[in-house]
Enquirer: 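Supplied in structure tokens, the structure appears directly below.
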Amino acid sequence: GKKCETVGFEWNTVEDVSHKVREELDEVDDEISKGLTSKHLQEELGDLLFSVTQLCRKAGYDAETTLLKANLKFQRRFEQMEGMLQADGKSLSQENAESLEYYWKKVKKSEKG
């Protein structure tokens, strides 16, 4: 991406890259609709990842650092969710997806204040 930028083969704005990310996500969705064994799904997922990486760069962020921060945030929230469940006498492995989603939203809400 950086090399392309130096020769002018680049998206003009961060909004242009954001649009490209949506386009690539649509292509991933199209492949998923064909089934997870679609021979082009991995290729489209790669295109999506590449586009998101370029979006990070265009917005002024390092993609690897951004992903690391997201992983740490997810881990923190997951551990908080587990703690909330334990405080309510429940365990992760015994809850259904709906219940886990409730606790996940509760964690997110608690972080916002």
Enquirer: So which pairs with a foot in residues 36-49 pass salt bridge (Lys or Arg N to Asp or Glu O under 4.0 Å), sequence neighbours left out?
Expert: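 Non-adjacent pairs meeting salt bridge (Lys or Arg N to Asp or Glu O under 4.0 Å): zero.
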Enquirer: How would you list, by chain and number, every residue that makes a side chain to side chain donor-acceptor pair (under 3.5 Å) with Ser18, sequence neighbours excluded?
Expert: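 Counting only residues at least two positions away or on another chain, Ser18 forms a side chain to side chain donor-acceptor pair (under 3.5 Å) with Arg22.
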Enquirer: To the nearest 0.5 angstrom, please state how far the NZ atom of Lys20 sits from the CH2 atom of Trp11.
Expert: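 Atom-to-atom, Lys20:NZ and Trp11:CH2 are 6.5 Å apart.
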Enquirer: Report the hydrophobic cluster partners of Leu68, with the cluster defined as I, L, V, M, F, W, Y residues connected by side-chain heavy atoms closer than 4.5 angstrom, directly or transitively.
Expert: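 Once heavy-atom contacts under 4.5 Å are chained together, Leu68 belongs with Leu72.
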Enquirer: Taking C-beta and beyond as the side chain, do Arg57 and Gln54 meet within less than 4.5 Å on heavy atoms?
Expert: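 Yes - at least one pair of side-chain heavy atoms lies under 4.5 Å apart.
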Enquirer: When clusters are formed from ILVMFWY side-chain contacts under 4.5 Å, directly or step by step, what else is grouped with Leu67?
Expert: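 Listed partners: none, Leu67 stands alone.
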Enquirer: Once you round to the nearest 0.5 Å, how far does CG of Asp62 lie from OG1 of Thr66?
Expert: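 OG1 of Thr66 is found 6.0 Å from CG of Asp62.
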Enquirer: Per the salt bridge (Lys or Arg N to Asp or Glu O under 4.0 Å) rule, what does the pair list look like for residues 69-78, sequence neighbours excluded?
Expert: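 Residue pairs passing salt bridge (Lys or Arg N to Asp or Glu O under 4.0 Å), neighbours aside: Arg76-Glu111, Arg77-Glu111.
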Enquirer: My understanding is that only residues two or more places apart in sequence, or in another chain, count here; which of them pass side-chain contact (heavy atoms from CB on, under 4.5 Å) with Asn12?
Expert: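 Partners of Asn12 under the side-chain contact (heavy atoms from CB on, under 4.5 Å) test: Asp16.
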Enquirer: Among Ile, Leu, Val, Met, Phe, Trp and Tyr joined by side-chain contacts under 4.5 Å, find the other residues sharing a cluster with Met81 and list them by chain and number.
Expert: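 In the cluster with Met81 are Phe74, Phe78, Met84, Leu85, Leu92, Leu100, Tyr102, Tyr103, Trp104, Val107.
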Enquirer: Can you list everything that forms a side-chain contact (heavy atoms from CB on, under 4.5 Å) with Val52? Sequence neighbours excluded, please.
Expert: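 Once residues adjacent in sequence are excluded, the partners of Val52 under the side-chain contact (heavy atoms from CB on, under 4.5 Å) criterion are Val21, Leu48.
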Enquirer: How would you list, by chain and number, every residue that makes a side-chain contact (heavy atoms from CB on, under 4.5 Å) with Thr53, sequence neighbours excluded?
Expert: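 Result, side-chain contact (heavy atoms from CB on, under 4.5 Å) vs Thr53: Ala63.
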Enquirer: Which residues satisfy the side chain to side chain donor-acceptor pair (under 3.5 Å) test with Glu15, sequence neighbours excluded?
Expert: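 Partners of Glu15 by the side chain to side chain donor-acceptor pair (under 3.5 Å) criterion, ordered by chain and then number, come out as Thr13.
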Enquirer: Under 3.5 Å, side chain of Asp88 to main-chain N/O of Lys90, donor-acceptor pair present?
Expert: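 Not at all, since once roles are kept as given, no pair shorter than 3.5 Å links the two residues.
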Enquirer: Test of understanding: with side chain to side chain donor-acceptor pair (under 3.5 Å), list the residues that count as partners of Gln75, not counting sequence neighbours.
Expert: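 Side chain to side chain donor-acceptor pair (under 3.5 Å) list for Gln75, sorted by chain: Glu79.
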Enquirer: Do any side-chain atoms of residues 25-37 form donor-acceptor pairs under 3.5 angstrom with protein atoms, and if so which ones, sequence neighbours left out?
Expert:
from, atom 1, to, atom 2, distance (Å)
Glu31, OE1, Ser38, OG, 2.3
Glu31, OE2, Lys34, NZ, 3.1
Ser33, OG, Asp30, O, 2.6

Enquirer: Val17 and Ser51: which non-hydrogen atoms are nearest, and at how many Å?
Expert: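 That would be CG1-O, 3.7 Å.
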Enquirer: Can you tell me how far apart OG (Ser110) and CD (Gln80) are? Round to the nearest 0.5 Å.
Expert: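 If I round to the nearest 0.5 Å, the distance is 5.5 Å.
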